Amino acid sequence: MSKYWENRAAQRMFENMEEAEEAAREVRKYYSASSAYLKEHAKAVFEKYAMKHGMTQEEARILLNQMSDLKTVDTIINRLEEVKKGSGNVAKLDSPAYRHRIEKYLSMQQQIDAIMKRNYNLEKNYVDSFYSRFIGEAYYKSLYETMQRIGFAVAFNHISEQQIADILNSKWYGKNYSERIWDNTQRLAETLKKELFVCFVTGQTEKEAADRIGELFDQEYKVARRLIRTESAWMTNQMDQKAYKEAEIEYYRFTAVLDLRTSMICRNMDGKIFKVSEAVIGKNHPPMHPWCRSTTTPIISQKYLDRMKRKFRNPETGEVETVPLSMTYKEWHDKYVKGTKAEEADQIWKKNYTPEEKEEISRD
């Protein structure tokens, strides 16, 4: 029976992760739109017939160390002249056409900040709405299955908007989700600036620059997707813990997904039992790592087993009654059959039927 509930918990986690994947697909639209917008702005800088002046990748990386100074046309030209002094390319760098391209490049650098700020706001607003709904649904699903597991309803508190807000602002692993989104978008902005600077001073074409922009946005989207999946897993497991506490569950079992994608960390944790009051994310409670799919199942105590009931038809009266779930067949027989007319019928059954017939009737 415990395997059944473990499978139910795993299925619920799978369904929640499918919702997280749908949210990630929506967020991807923002990254695709931002990438396309920046590629369009890059056209004026990275022309198909880009003027090459021979700067190598290594030389471009040296200039990156002085990136904070490279904010004006003259500063950039002076830096390039220092690196390429005596190469015969200074005239090209100081030409009106090249100065105009540098101006366009600097404008594009400013556009990167604006684009990524917009991307942050769109992503945050969307996941704000998604997580707010997701948390409530995860809590009530967990509570429902916990009550099914223990066999009866329990009094519980509804989750409030303030509690949802507190969860959204929780800084597990040091930061809340909005701070992680901000860090991700800022990192992408800085990486774009650096990589496009290298593309610019090494004379790469529009297509080469566009390909690099696409690669960087794809890489950062993967980080955003991982964040949504992991945050959703954390919220699911947090709601499980809240449901356990509402139902006064004292222990839980760590439940890993039984497939070959499961990490060694979760494989080694699978089946271990811990106190609900001592649950620590990443130590004895999932998520244990990014992309974690593990979950937990409640352990039913003797207190609940004693309160759980099962039905039977009284062999003497024919009425449907209930007995404790923990009552054994022998205890039931001694209480409701022994010494009654039903016991006589039981003896006749045992005497007159063949072993094969008894086995067939028992299966019915």
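Here the structure is a predicted model, which is why all the values come from computation and not from measurement.
Across all their heavy atoms, Pro298 and Ile249 have their closest contact at CB-CG2, 3.8 Å. Scanning all heavy atoms of the two residues, the minimum distance from Lys39 to Ala210 falls at CE-O, 3.2 Å. Between Arg313 and Gly318 the shortest heavy-atom distance is NH1-O, 2.7 Å. Between Gln111 and Tyr37 the shortest heavy-atom distance is OE1-CE2, 3.7 Å. Of all the heavy atoms in Lys193 and Asp113, the pair that sits closest is NZ-OD1, 2.8 Å. Listed here is the closest heavy atom pair of Ala256 and Ser294: CA-OG, 3.7 Å.
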**Item:** Arg225/Tyr221 under side chain to side chain contact (heavy atoms under 4.5 Å, CB included): CA gap, chis, key distance, verdict
**Value:** CA-CA 6 Å; Arg225 175 174 173 247; Tyr221 164 70; 3.8 Å; yes
**Item:** Residue pair His158, Tyr139: steps toward the side chain to side chain donor-acceptor pair (under 3.5 Å) verdict
**Value:** CA-CA 9 Å; His158 292 280; Tyr139 172 60; over 6 Å; no
**Request:** Determine, step by step, whether Glu179 and Lys171 satisfy the side chain to side chain contact (heavy atoms under 4.5 Å, CB included) criterion, reporting the C-alpha distance in whole Å, the side-chain angles of both residues, the deciding distance to 0.1 Å, and the verdict.
**Result:** CA-CA 9 Å; Glu179 290 171 327; Lys171 295 191 175 185; 3.3 Å; yes
**Item:** CA sep, side-chain torsions, deciding dist, call: Met269, Met288, side chain to side chain contact (heavy atoms under 4.5 Å, CB included)
**Value:** CA-CA 10 Å; Met269 293 294 291; Met288 300 294 290; 4.2 Å; yes
**Request:** Go through Phe217 and Ser34 one step at a time and tell me if the side chain to side chain contact (heavy atoms under 4.5 Å, CB included) criterion holds.
**Result:** CA-CA 8 Å; Phe217 271 97; Ser34 296; 3.7 Å; yes
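In this structure, the side chain of Ser35 does not engage the main chain of Tyr31 through any donor-acceptor pair within 3.5 Å. A distance-only check finds no donor-acceptor pair linking the side chain of Arg212 to the backbone of Glu195 [under 3.5 Å]. Panel note: side chain Thr230, backbone Trp291; a donor-acceptor pair is recorded below 3.5 Å. Although no hydrogens or angles enter the test, the distance criterion places no donor-acceptor pair under 3.5 Å between the side chain of Asp270 and the main chain of Cys266. Between the Ser142 side chain and the Ala138 main chain, no donor and acceptor come within less than 3.5 Å of each other. The main-chain N or O of Ser170 is never found under 3.5 Å from a side-chain atom of Asn176 such that the two would form a donor-acceptor pair. Not a single donor-acceptor pair under 3.5 Å links the side chain of Tyr120 to the backbone N or O of Gln186. At least one donor-acceptor pair closer than 3.5 Å links the side chain of Ser232 to the backbone N or O of Ile228.
Looking at residues two or more places apart in sequence or on another chain, you find a side-chain contact (heavy atoms from CB on, under 4.5 Å) between Lys29 and Glu26. Taking the salt bridge (charged side-chain N to carboxylate O under 4.0 Å, His left out) definition, one finds that Lys275 meets it with nothing, sequence neighbours left out. Checked against salt bridge (charged side-chain N to carboxylate O under 4.0 Å, His left out), Glu123 has no partners two or more places apart in sequence or in another chain.
Aromatic ring centroids of Tyr336 and Phe312 lie under 6.0 Å apart. Here Tyr252 and His285 bring their ring centres to under 6.0 angstrom of each other.
Interatomic distance, CZ of Arg180 versus CZ of Arg226, reported as 10.0 Å (0.5 Å rounding). Rounding to the nearest 0.5 angstrom, the gap separating the CG atom in Leu38 from the CG atom in Asn119 is 11.0 Å. Taking CD1 of Ile213 as the reference point, atom CD1 of Ile112 lies at 7.5 Å (rounded to 0.5 Å). Here the straight-line distance linking atom OG1 of Thr297 with atom CD of Glu6 works out to 5.0 Å at 0.5 Å rounding. To the nearest 0.5 Å, atoms CD (Glu246) and NZ (Lys242) are separated by 4.5 Å. Taken to the nearest 0.5 Å, the CG atom of Leu143 stands 11.0 Å off from the CE atom of Met239.
Asn184 and Arg187 share a side-chain donor-acceptor pair at under 3.5 Å. Gln11 and Glu15 share a donor-acceptor pair across their side chains, judged by distance under 3.5 Å alone. Using a 3.5 Å distance cut-off with no hydrogens or angles, the side chains of Gln238 and Trp172 do not pair a donor with an acceptor. Glu321 and Asn314 are linked by a side-chain donor-acceptor pair at a separation below 3.5 angstrom, with hydrogens and angles left out of the test. Under the 3.5 Å distance criterion, with hydrogens and angles disregarded, a donor-acceptor pair is assigned to the side chains of Asn16 and Thr236. For the 3.5 Å distance criterion, the side chains of Thr296 and Tyr244 qualify, holding a donor opposite an acceptor.
The closest side-chain heavy-atom distance from Gln241 to Val276 is below 4.5 Å. Using a 4.5 Å cut-off on side-chain heavy atoms (C-beta onward), Gln219 and Thr191 make no contact. Contact check for Leu216 versus Glu220: no side-chain heavy atoms found under the 4.5 Å cut-off. In this structure, Glu208 and Cys199 have side chains that are not in contact, with every pair of non-hydrogen atoms separated by 4.5 Å or more. Side-chain atoms of Thr295 and Arg253, non-hydrogen and from C-beta on, never get closer than 4.5 Å to each other. Under the 4.5 Å side-chain criterion, counting only non-hydrogen atoms from C-beta, Lys245 is not in contact with Glu248. Using a 4.5 Å cut-off on side-chain heavy atoms (C-beta onward), Arg8 and Gln148 make contact.
Residues Glu137 and Arg133 are paired through a salt bridge, judged by an N-O separation under 4.0 Å between the basic side chain and the carboxylate. A salt bridge is absent between Asp218 and Lys222; no separation between the charged side-chain nitrogens and carboxylate oxygens falls under 4.0 Å. A salt bridge links Asp240 with Arg12: the closest approach of a Lys/Arg side-chain nitrogen to an acidic carboxylate oxygen falls below 4.0 angstrom.
Taking the six-membered ring for Trp and thresholds of 30 and 60 degrees, Phe130 and Phe134 have ring planes inclined between 30 and 60 degrees apart.
In the hydrophobic cluster analysis, where Ile, Leu, Val, Met, Phe, Trp and Tyr join through side-chain heavy atoms closer than 4.5 angstrom, Met17 is grouped apart from Ile167. Under a hydrophobic clustering in which Ile, Leu, Val, Met, Phe, Trp and Tyr are joined whenever their side-chain heavy atoms come within less than 4.5 Å, directly or via other members, Met13 and Ile281 fall into different clusters. Under the 4.5 Å side-chain contact rule for hydrophobic residues, Leu192 and Leu122 share a cluster. A continuous path of Ile, Leu, Val, Met, Phe, Trp and Tyr side chains, each step under 4.5 Å between heavy atoms, connects Met116 with Tyr126, placing both in one hydrophobic cluster. Under the 4.5 Å side-chain heavy-atom criterion for grouping Ile, Leu, Val, Met, Phe, Trp and Tyr, Val223 is not connected to Leu227 through any hydrophobic cluster.
The cationic group of Arg293 does not satisfy the cation-pi geometry with Trp234, failing either the under 6.0 Å distance to the six-membered ring centre or the 45° limit from the ring axis.
Taking a 6.0 Å sphere around NZ of Lys141, one finds it holds more than 12 heavy atoms contributed by other residues, nucleotides or ligands.
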